[in-house]
S.K.: 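Please read through the structure below; I'll follow up with questions.
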Amino acid sequence: MAVIGDLCGPFDVVLGTKARWQWVEKRVGVSFAVSPSSPRPLYVEVLDLFSTYTHPLEDLAGARLLVGTAPGPRGFRQAPPSAPLRGAMAHTSLGSCGGAAWWAAGTPAPSGARQDAPGAGRVKRGWVWNQFFVVEEYTGTEPLYVGKIHSDSDEGDGAIKYTISGEGAGTIFLIDELTGDIHAMERLDREQKTFYTLRAQARDRATNRLLEPESEFIIKVQDINDSEPRFLHGPYIGSVAELSPTGTSVMQVMASDADDPTYGSSARLVYSVLDGEHHFTVDPKTGVIRTAVPDLDRESQERYEVVIQATDMAGQLGGLSGSTTVTIVVTDVNDNPPRFPQKMYQFSIQESAPIGTAVGRVKAEDSDVGENTDMTYHLKEESGSGGHMFKVTTDGDTQEAIIVVQKRLDFESQPVHTVVLEALNKFVDPRFADLGTFRDQAIVRVAVTDVDEPPEFRPPSGLLEVQEDAQVGSLVGVVTARDPDAANRPVRYAIDRNSDLDQIFDIDADTGAIVTGKGLDRETAGWHNITVLAMEADNHAQLSRASLRIRILDVNDNPPELATPYEAAVCEDAKPGQLIQTISVVDRDEPQGGHRFYFRLVPEAPSNPHFSLLDIQDNTAAVHTQHMGFNRQEQDVFFLPILVVDRGPPTLSSTGTLTIRVCGCDSSGAIQSCNTTAFVMAASLSPGALIALLVCVLILIVLVLLILTLRRHHKSHLSSDDDEDMRDNVIKYNDEGGGEQDTEAYDMSALRSLYDFGELKGGDAGGVGGPGGGAGSPPQAHLPSERHSLPQGPPGPEPDFSVFRDFISRKVALADGDLSVPPYDAFQTYAFEGADSPAASLSSLHSGSSGSEQDFAYLSSWGPRFRPLAALYAGHRADDEAQAS
């Protein structure tokens, strides 16, 4: 057995059979049987136990007990229990107090058990301890005693040195090296750290030898109610519809408490309303806020600030509390009808205001907000107002009623209009139908002001009719306009000549009578649209217009005519009564009752023995044969005059001639040939075939003309080449340039088409500088010196052009082999003069004389092309001589 120490104070002991340091939070109590030498029973209490009761010892295995001699412990000490119980009926010695040994067992003490007085020998055993407890937020002035560690080998002579290491060792926790007492040097906070893990060592002070194996223990910080509840998710903003029933859920708030929720009631929260309890309640456990009244009115109060408090310790006295403010917004419902601020509105507008002009704006007020204020307006006009003079629309942004003009206003006929304007909500909530009708009415009076108006036509437009044979100056109709103002000023009339450019009609300026100004012809123009102007006599700016349509009535002034110059054909073997041709008639007139034409043969030939005419009574007539067979040899053409008469009045007629040709036909009656070629072609060829034939002829003509033009162009080109001369290049090349190597100063294309070298061989070569020096010899042949310009070389052999061909061939081969050369004529780089030239150089660089020493008179004998050059050089020389003299 081991003496635990001073048992006069309470301490913790573990009774267990499975694990030495097993701590179980069981709220049980027990009364221990004590030895006969103990006059007092032990008081046993489990931590957090509010009542003590007896319980069998075997149920205490693994329980954490507070053992003391009296209730109301002064503090805690960690006490190592005895060796683990070997059974529910095992026993242990709890120590002694005041020289008495205390035993706790379920059965009488064993025979080997005895009371150990202080100082008696003890059985050596390892120290078995596990954890200490320390209260947080200690406010005393002295260090807080935590507990004591002790080794069985400690004889009390100070030979053992106790040390600790781990969390807080040496700073927060200090140990007395001699006694093993542990004190907390700082104020601890369980909300920051709930426990500390340390390791204890017992060493020989002299040798520093470890006497016991290092053991780990825990110092737990015991919670006290030192943290108030906090609302961490604020600010809280909720909403609820106005007029919601009592108990309507608004929102939920939740607070948190940093205290230990598993120990006592420090973290058990209860919610309550501190401010706003007249309108809202809160569930004490869940924090759900609900309405407390059914008549929340947004129009009266739109926002509520409700203070919610959370109290720990289950709301008991002494608990800590925290609060937050919850903003509850009352949302709108359509519970208010629209209301006009006044019952009558007055506006004024000019009678000349065009349709669509806004008269004014009226707005009905609505205490609601949002879409609950959307309104529609209606107009109800009073009787006798003319009906629907105005209409109303709603401004979607301002919800105002816009009254606009719908018909033309007239001050003279009605100076004041009165209408009833009604406003009603667009969206009505049926839940609030019992609150009344959601509409309101107001009276709107519109006063029409008078303005000076232009004359008005009565009627404003119309239709007039006149016969086409009416004489110039005949009355067509009369237009009437009057001044609508009260002054009723006189009106003058005119015709807008832009609508009557030919001035076919005139109008009387005072009476408005419209008469014809020229002769009419319905067949030319059956309708006339004119614009008549009416203006005040003393103010022509007050002008109005009216469109008149004048229809020209038809009279029978055009005789009927055959529709076309009819030509018919009859077979030689025609039978009597055979239909040859049907005749129709056209008439430019359009009588009201429709056309009716009559047909008959002219009176000069009433009894035609060959043909008869039958009126079919539908404005057509039919021509038939009267006998069998016709002979083309005797007569191949017949002319049948036909008289056509209309119904009138007056009755008009005309005569048309039907040409009938006698033709040969086959057995089926198809025409084979007639006496006239034109007729045969017309009968045998369709219009399409004739058109195709004409197109072919035109194409042939165009091809012939094109060939002739090309041939003429070719001949003119050849003739120009024959007329060209080497000396022509002197006139065209009017820039001195850079010498023979300069190929950019003039267009080489002019040199490419000048000559046909084949012609030079036979013609010009022999005529220039012949051996006799006759009339064909150039003048420079008689000059004594070569210093004269444009000398002619002596006659030589025929030119050899092979050198040119070789040079050009080399250039072409180089161009074909060079891929970087652009694909166009390579003659642009041509700079090869050749071996010999029949004409000497024009340059004076190698000349031994100056220009002033040369005589250019001989140039005049070279022909008309060189005369300007001779005059030019002769003029310069004369100027030089004058200056020298």
Side-chain angles (χ1 to χ4, degrees), residues 523 556-591 593-695:
E523 288 72 31
N556 193 21
D557 58 348
N558 293 283
E561 299 175 351
L562 294 181
T564 60
Y566 286 103
E567 289 191 4
V570 61
C571 296
E572 288 184 299
D573 56 352
K575 298 179 180 180
Q578 181 176 342
L579 176 64
I580 300 175
Q581 184 69 47
T582 300
I583 304 298
S584 60
V585 179
V586 294
D587 193 338
R588 297 175 61 192
D589 296 323
E590 292 183 359
H595 290 288
R596 180 66 179 92
F597 303 110
Y598 305 95
F599 301 87
R600 62 175 180 269
L601 297 177
V602 295
E604 291 76 9
S607 56
N608 191 304
H610 305 290
F611 306 99
S612 63
L613 180 65
L614 176 63
D615 191 344
I616 308 179
Q617 305 295 323
D618 60 351
N619 294 332
T620 61
V623 179
H624 299 81
T625 58
Q626 293 222 87
H627 60 78
M628 179 181 294
F630 292 88
N631 191 346
R632 279 192 296 173
Q633 303 298 329
E634 296 179 359
Q635 186 174 355
D636 58 350
V637 178
F638 295 90
F639 298 98
L640 185 64
I642 300 175
L643 179 65
V644 183
V645 183
D646 61 15
R647 187 167 55 180
T651 302
L652 299 178
S653 63
S654 67
T655 301
T657 301
L658 172 64
T659 301
I660 304 174
R661 300 183 182 278
V662 180
C663 302
C665 303
D666 58 11
S667 59
S668 62
I671 297 176
Q672 295 295 322
S673 63
C674 296
N675 196 32
T676 306
T677 306
F679 184 81
V680 173
M681 291 183 63
S684 60
L685 292 178
S686 63
L690 291 174
I691 292 174
L693 182 61
L694 291 175
V695 170

S.K.: Relative to the ring of H610, is the ring of F630 parallel (under 30°), tilted (30 to 60°) or perpendicular (over 60°)?
M.R.: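 Plane angle between 30° and 60°, so tilted.
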S.K.: What's the separation between atom CZ in F599 and atom CD1 in I616, rounded to the nearest 0.5 Å?
M.R.: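 Nearest 0.5 Å value for the CZ-CD1 distance: 8.5 Å.
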S.K.: Tell me, do F611 and L601 make a side-chain contact under 4.5 Å, heavy atoms counted?
M.R.: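 A side-chain contact under 4.5 Å is absent here.
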S.K.: Keeping the roles fixed (side chain from D587, backbone from D589), state whether a donor-acceptor pair exists under 3.5 Å.
M.R.: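 A pair under 3.5 Å: yes.
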S.K.: From R661 CZ over to T659 OG1, what is the distance, rounded to the nearest 0.5 angstrom?
M.R.: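 These two atoms lie 6.5 Å from each other.
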S.K.: Could you go through residues 571-583 and list every donor-acceptor pair under 3.5 Å that involves a side-chain atom there, pairing it with any protein atom two or more places apart or in another chain?
M.R.:
residue	atom	partner	partner atom	Å
E572	OE2	R632	N	3.1
Q578	OE1	K575	N	3.3

S.K.: Can you tell me how far apart CD1 (I660) and CD (E567) are? Round to the nearest 0.5 Å.
M.R.: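 So the CD1 of I660 and the CD of E567 are separated by 10.5 Å.
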S.K.: Looking at every non-hydrogen atom in both residues, tell me the closest pair between R596 and N619 and how far apart they are.
M.R.: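 Distance-wise, the nearest heavy atoms are CA-OD1, 3.3 Å.
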S.K.: Nearest 0.5 angstrom please: Y598 OH to T651 OG1, how far?
M.R.: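 Here the rounded value is 8.5 Å.
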S.K.: How far apart are the closest heavy atoms of S653 and V645, and which atoms are they?
M.R.: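 Heavy atoms only, the tightest pair is CB-CG2, 3.6 Å.
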S.K.: Would you name the heavy atoms of T655 and P641 that are closest together and state the gap between them?
M.R.: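 Smallest heavy-atom distance, with atoms named: CG2-CB, 4.2 Å.
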S.K.: Heavy atoms only: give me the nearest V637-Q635 pair and the separation to one decimal.
M.R.: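 Answer, listing the atom of V637 first, then Q635: O-NE2, 2.9 Å.
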S.K.: Any side-chain heavy atom of N558 within less than 4.5 Å of one from L652?
M.R.: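 Side-chain contact under 4.5 Å: no.
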S.K.: I'd like to check F638 versus V662 (side-chain heavy atoms, cut-off strictly below 4.5 Å). Are they in contact?
M.R.: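 Yes - at least one pair of side-chain heavy atoms lies under 4.5 Å apart.
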S.K.: So do the side chains of L658 and F639 get within less than 4.5 Å of each other, counting heavy atoms only?
M.R.: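 A side-chain contact under 4.5 Å is absent here.
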S.K.: Looking only at non-hydrogen atoms, find the nearest pair between N556 and P649 and report the distance.
M.R.: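 Where N556 meets P649 most closely, the heavy atoms are CB-O, 3.4 Å.
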S.K.: Once rounded to the nearest 0.5 Å, what's the spacing between atom CG of D557 and atom CD of E523?
M.R.: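 Result: 5.0 Å between the selected atoms.
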S.K.: Quick one: closest heavy-atom pair of Q626 and P609, and the distance?
M.R.: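 Taking Q626 first and P609 second, the nearest heavy atoms are CB-O, 3.4 Å.
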S.K.: Just how far is it from atom OH of Y566 to atom OG1 of T657, taken to the nearest 0.5 Å?
M.R.: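 Output value for this atom pair is 13.5 Å.
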